[in-house]
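Just so you know, ligand 1 is whichever comes first in the structure, and atom 1 is the first atom listed for that ligand.
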Amino acid sequence: MSRLTKAQREQVRQMFGGRCAYCGEPLPDRWHADHREAVVRALLTKQSEDGRYKLVSGPSLYPERDVLENFMPSCPPCNISKHSMSLEVWRKWLAGHVNSLNAYHPIYRLAKKYGLIQETCAQVTFYFERVAQVVESAV
Ligand SMILES: [Zn+2]
């Protein structure tokens with residue numbers, strides 16, 4: 001399934017009411033249909049006519065993941081950030097941002113000292129998980 005039909009794309013877009021499955025923000029016009037479990041494409045070396053080599057995207061390493069059920073609607077920043085990470089690896093990576101900010105960004109530390117930023121130690125919970133919790137608690 002390398003390309004979704006227009007109807008399938010609309011089906012994916014509406015999965016969470018037109019919101020990004022990960023952050024919950026309304027999807028912009030140029031939203032992404034993300035593979036929840038990445039298809040991960042091989043990189044191939046190809047020689048062009050001028051003799052130079054370049055890297056080109058090759059076949060998927062997980063073609064079984066290229067199915068409609070594996071698509072999630074995503075805003076571009078979330079999809080680009082997630083890249084080919086699994087959800088659990090991405091969740092840990094996102095959670096680690098606070099440590100990086102504390103370690104490398106004096107402006108962040110200064111803003112924290114003046115109470116402009118408060119760290120919550122909140123777990124990273126994706127929007128589709130929060131929606132599922134609401135549905136479960138209503139049952
Ligand atoms: Zn998002």
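If you look at the Zn ion (ligand 1), the protein N, O or S atoms less than 2.8 Å from it are Cys20 SG, Cys23 SG, Cys75 SG, Cys78 SG.
Within 6.0 Å of the CD atom in Glu64, the count of heavy atoms belonging to other residues, nucleotides or ligands exceeds 12.
For Glu119, the salt bridge (Lys or Arg N to Asp or Glu O under 4.0 Å) partners two or more places apart in sequence, or in a different chain, are Lys112. Under the rule for a salt bridge (Lys or Arg N to Asp or Glu O under 4.0 Å), Glu25 has no partner lying at least two apart in sequence or in another chain.
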If you look only at distance, which donor and acceptor atoms sit under 3.5 Å apart when one is on a side chain in residues 77-90 and the other is two or more places apart or in another chain?
from: Asn79; atom 1: ND2; to: His32; atom 2: ND1; distance (Å): 2.8
from: Ser81; atom 1: OG; to: Trp90; atom 2: NE1; distance (Å): 2.8
from: Lys82; atom 1: NZ; to: Asp34; atom 2: OD2; distance (Å): 3.2
from: Lys82; atom 1: NZ; to: His35; atom 2: O; distance (Å): 3.0
from: Lys82; atom 1: NZ; to: Arg36; atom 2: O; distance (Å): 2.9
from: Ser86; atom 1: OG; to: Val89; atom 2: N; distance (Å): 3.2
from: Glu88; atom 1: OE1; to: Arg91; atom 2: NE; distance (Å): 2.9
from: Glu88; atom 1: OE2; to: Arg91; atom 2: NH2; distance (Å): 2.9

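Relative orientation of the Phe128 and Phe126 rings is parallel, given thresholds of 30° and 60° on the angle between their planes.
A cation-pi geometry, defined here as NZ or CZ lying under 6.0 Å from the six-membered ring centre and within 45° of its normal, does not hold between Arg130 and Tyr127.
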